Amino acid sequence: MGLRILVQQEPFDFGAECDGFAAGRHDLGAVVTFAGTVRDLGGDLRGMEIEHYPGMTEKALEAIAREAEGRWDLGEVLVIHRHGPLAPGERIMMVATASPHRKDAFEAAEFLMDYLKSRAPFWKKETAKDGAAWVAAKNEDEDALKRW
Amino acid sequence: MGLRILVQQEPFDFGAECDGFAAGRHDLGAVVTFAGTVRDLGGDLRGMEIEHYPGMTEKALEAIAREAEGRWDLGEVLVIHRHGPLAPGERIMMVATASPHRKDAFEAAEFLMDYLKSRAPFWKKETAKDGAAWVAAKNEDEDALKRW
Amino acid sequence: MLDVLYFAWVRERIGLPKERIETSATTVAELVEELRAREERYEVAFADLSSLRVAVDQELTEFDAPLSGAREVAFFPPMTGG
Amino acid sequence: MLDVLYFAWVRERIGLPKERIETSATTVAELVEELRAREERYEVAFADLSSLRVAVDQELTEFDAPLSGAREVAFFPPMTGG
């Protein structure tokens, strides 16, 4: 399985990554991508800061991807996750999966996201008009792991 | 919900569509895309021809998208499906969903694909070295609908 | 008068994509019986209804669906898009 | 000697990202007890272990995990990436 993992401060080009992902792999008929962006529901978010654990982050992401590889028929996997300061609407991260079968591509992408959310060492801090606060983990994110 | 449905013979630019999808919607944190390409497992596929039912196709796709809108919290939906002649490795179609919640974006995209496969009037004919044949519907595609 | 459309291998077996038919059939099933009685190519195309799907006025339906007021009926194999 | 790392609000409460510690603790829990006994900022940071996670040598683990041979221990809140 082709596996590419990028943990970086710089923005990434979602369109170009989607376009190039699994390109030329005529055996893989199904590609699923997920992109997460800095959400601003109320309109008063100034920005976000993402902290991570250099060294562990890459290992954790690779372990999650290898677990997915063992469970589904995957030809290519891509994970990109940014850290550092981000503005509202900016893309935080993406995953992409390619498989001969659409069900495998979908399930693997959702699995990667569920595990990445709760098992990869990233922490988000939001800065709004009235100050900064660490984003709390949601029970539903931990619960999402029970499905797998 | 923003809904865009394109049924066309011309190629589409998957990267540009991914990039522009739900752009500027800061309330939608999660984007899922699916792309299907002409698969060539054995290496002897010459091409594919997709026939469709003009008039019904657009209606069926819109009905499927409206059904998804009723079931999940969706801000934007995009469906593009080509017809006519396609070469191995070319992109046949894509769907994209944007939601405040990743679970909604994933489930809606998988739902759209499952229904599109078996309820939108497209038919594939493959031409290989030893002749042309209509692709047979798979039992698993009909079974996939039972999940929803 | 009814427009009858054929797609994919149904179209190929019958040899045309569309025809206008004068019919008194009140259901899809009656229309199919009329068509089968016409010529062998129809008999062949409609030999196994379980491998066919039907749409009346561009909505998927069943073979026992009524035809009253219908303007367009289409026959085709199970869909294979995506 | 052990490298002890803190992330997110654990780092902020303790006031530093990393320190080298001379310890004879044999489990993570023993290390936490040593740290809590040091100063109030540690006491505050480790007040509720159910809201903390721990990694030993960059692998997620539990608070009863042994420290034998460990070079690096990290404490942090539940992850919120994605």
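Keep in mind that this is a model prediction, so the values were computed, not measured. Residue numbering restarts at 1 for every chain, and letters A, B, ... go by the order of the sequence lines.
- The contact between A:K59 and chain D is made entirely by side chain atoms (from C-beta outward), counting heavy-atom distances below 4.5 Å.
- Nearest heavy-atom pair across D:T80 and A:V135 is CG2-O, 3.4 Å.
- Annotation: residues 11-26 of chain D contacts chain A through D:R11, D:E12 [non-hydrogen atoms, separation under 4.5 Å].
- Residues D:D64 and D:T27 form no side-chain contact, since every pair of their non-hydrogen atoms from C-beta on lies 4.5 Å or further apart.
- Shown here for D:A70 and D:D57, the closest heavy-atom pair between the two residues is CA-OD2, 3.5 Å.
- Contacts between A:A136 and chain D at a heavy-atom distance below 4.5 Å involve the backbone alone (N, CA, C, O).
- Across all their heavy atoms, A:E90 and A:A87 have their closest contact at OE1-N, 2.7 Å.
- Of the N and O atoms on the side chains of A:R119 and A:Y115, not one donor lies less than 3.5 Å from an acceptor on the other residue.
- Ranked by heavy-atom pairs under 4.5 Å with chain D, the list A:M93, A:K117, A:H81, A:M94 is led by A:K117.
- Heavy-atom proximity under 4.5 angstrom to chain D picks out A:E51, A:H52 from residues 43-52 of chain A.
- Annotation: side-chain contact (heavy atoms from CB on, under 4.5 Å) contacts of D:A8 (sequence neighbours excluded): A:W123, A:W134, D:P77.
- Counting only residues at least two apart or on different chains, the side chain to side chain donor-acceptor pair (under 3.5 Å) pairs with a member in residues 8-21 of chain A are A:R4-A:E17.
- Both the backbone and the side chain of A:K124 come within contact range of chain D, with heavy atoms under 4.5 Å apart.
- Taking the six-membered ring wherever Trp is involved, the centroid distance between the rings of A:H83 and A:F122 does not fall below 6.0 Å.
- Aromatic ring orientation, D:Y6 versus D:Y42: perpendicular (interplanar angle above 60°, classes split at 30° and 60°).
- At distances below 3.5 Å, not a single donor-acceptor pair connects side-chain atoms of A:R82 with backbone N or O atoms of A:V7.
- The pair A:K103-A:E107 meets the salt-bridge criterion, with a side-chain N (NZ, NE, NH1 or NH2) lying under 4.0 Å from an Asp/Glu carboxylate O.
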